[in-house]
2 protein chains.
Amino acid sequence: MSSAAVRDRMLAAGQRITRQRDVVAGVLERARRPLGAGEICDAVTTSDPDVGRATVFRTLHSLVAAEIVQRVTLAGGQSGYLLCAADGHHHHLVCTSCGRTTDLPEAVVAPFLSRVEETHGFTVDHSSFDVHGRCADCR
Amino acid sequence: MSSAAVRDRMLAAGQRITRQRDVVAGVLERARRPLGAGEICDAVTTSDPDVGRATVFRTLHSLVAAEIVQRVTLAGGQSGYLLCAADGHHHHLVCTSCGRTTDLPEAVVAPFLSRVEETHGFTVDHSSFDVHGRCADCR
DNA sequence: ACCTATACTGATACTGCATCTCAATACGGA
DNA sequence: TCCGTATTGAGATGCAGTATCAGTATAGGT
């Protein structure tokens with residue numbers, strides 16, 4: 001995903017484009033894997049020391065709200081932030097070895113959730129799966 | 001689950017039974033829903049003001065390690081601690097209305113994980129699902 | 001019932017993530 | 001260019017969780 005694409009998606013979500021948001025989005029783009037809050041703050045400060053911590057978190061929050069970034073749970077239990085190529089809410093496989101993530105196709109997830117709803121009379125509002133393991137490359 | 005059952009499970013996990021651990025386990029037993037760290041600390045202090053913070057967290061850690069308690073993600077994204085009736089690792093449905101949880105049978109989860117492994121050549125080490133919605137009673 | 005090794009505990013300081021406040025600033029539409 | 005308003009930075013603050021370490025209580029053997 002290019003910076004331009006991220007900007008378009010932020011504009012589409014009614015958000016202004018600022019230098020600070022570009023920096024945060026750029027850090028996540030270059031990582032191509034989920035980053036912890038500390039890593040993001042460090043990388044942002046390296047890129048541009050004049051971006052405040054509060055702004056980093058506000059930006060992450062905005063990006064999560066716009067579904068451009070997802071908050072995922074890393075192996076240790078800490079949360080990480082991941083820039084998603086795909087639009088909308090979806091799920092990921094996280095490789096415990098290389099740290100990279102793979103999108104889980106809706107075709108695999110939807111039948112599972114339907115089954116859950118049927119079996120338990122439960123209406124699913126929101127779901128997030130943390131599936132950790134070793135990807136095909138790392139095995 | 002009775003207090004005695006929890007004590008047995010702690011002993012089975014090679015842990016000593018102490019007054020402090022009884023207090024923490026008792027708080028989780030009475031709740032019958034996931035509690036946040038703050039709620040637990042408050043309830044423990046109410047029950048017995050002489051139990052230290054560090055001990056509460058150490059106890060939670062031990063209970064999680066023994067798979068007596070699971071750490072789940074609540075609606076807001078904060079994590080909560082839940083005393084599980086079932087042994088071993090399993091998954092939950094969390095009702096956003098009443099806060100109560102339902103165990104997800106392995107029979108529903110296993111085929112889904114198998115499908116994921118087959119489709120992606122991914123070896124699943126650990127998975128945790130956060131499924132939020134409204135339970136049958138609350139609809 | 002007693003003894004002993006050692007697992008456990010409490011107070012406190014500390015780390016890290018995240019949010020709040022508020023005056024100052026910059027974006028972007030007209 | 002001008003203006004309304006979303007956004008920003010600094011620093012204080014809150015909350016979750018961990019580290020330290022001397023002192024205590026538990027389980028299990030005798």
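In what follows, chains carry the letters A, B, and so on, assigned in the order in which the sequence lines appear, proteins first and then strands, with residues in each chain numbered from 1.
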What is the separation between atom [atom1] on [X] and atom [atom2] on [N], rounded to the nearest whole Å?
| X | N | atom1 | atom2 | result |
| --- | --- | --- | --- | --- |
| B:R7 | D:dT26 | CZ | C1' | 14 Å |
| B:L11 | D:dG28 | CG | C1' | 12 Å |
| B:Q15 | D:dG28 | CD | C1' | 17 Å |
| A:R16 | C:dC27 | CZ | C1' | 5 Å |
| A:Q20 | D:dA6 | CD | P | 17 Å |

Open item on the list: Are B:V69 and B:V94 linked, directly or through intermediate hydrophobic residues, by side-chain heavy-atom contacts shorter than 4.5 Å (ILVMFWY only)?
Closed with: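 B:V94 does not cluster with B:V69.
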
Task: Nucleotide nearest A:T18 (side chain, heavy atoms from C-beta), chosen from D:dT8, C:dG10, D:dT5 - done: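 Closest nucleotide to the A:T18 side chain: D:dT8.
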
Task: Given A:D103, A:T102, A:T101, the one that forms side-chain hydrogen bond (donor to acceptor under 3.5 Å, both in side chains) with A:H92 - done: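 Option passing the side-chain hydrogen bond (donor to acceptor under 3.5 Å, both in side chains) with A:H92: A:D103.
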
- [ ] Classify every nucleotide of nucleotides 11-22 of chain C by which part a protein heavy atom approaches to under 4.0 Å, writing B for the base, S for the sugar-phosphate alone and - for neither, in 5'-to-3' order.
- [x] B-----SBBBB-

TODO: Report yes or no: does B:T96 contribute a side-chain atom to a donor-acceptor pair with the main-chain N or O of B:G133 at less than 3.5 Å?
DONE: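 At least one qualifying donor-acceptor pair exists.
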
Open item on the list: Around atom NE2 of A:H89, are there more than 12 heavy atoms from other residues, nucleotides or ligands closer than 6.0 Å?
Closed with: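 Buried by this count: over 12 neighbours within 6.0 Å.
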
Open item on the list: Is the distance from the ring center of A:F57 to that of A:Y81 below 6.0 Å?
Closed with: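 Centroid separation for A:F57 and A:Y81: 6.0 Å or greater.
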
Task: Overall bend - the helix from C:dA1-D:dT30 to C:dA30-D:dT1, comparing terminal axes fitted on five pairs, nearest 10 degrees - done: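 The angle, to the nearest 10 degrees, is 50°.
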
TODO: Provide the full list of side-chain hydrogen bond (donor to acceptor under 3.5 Å, both in side chains) pairs with a residue in residues 128-139 of chain A, sequence neighbours left out, each pair given once.
DONE: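 Sorted pair list: A:T73-A:D130, A:R139-B:T123.
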
- [ ] Establish, with yes or no, whether the OP1 or OP2 oxygen of C:dC8 is under 4.0 angstrom from a side-chain nitrogen or oxygen of B:R21.
- [x]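 The answer is yes; a side-chain N or O of B:R21 sits under 4.0 Å from OP1 or OP2.
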
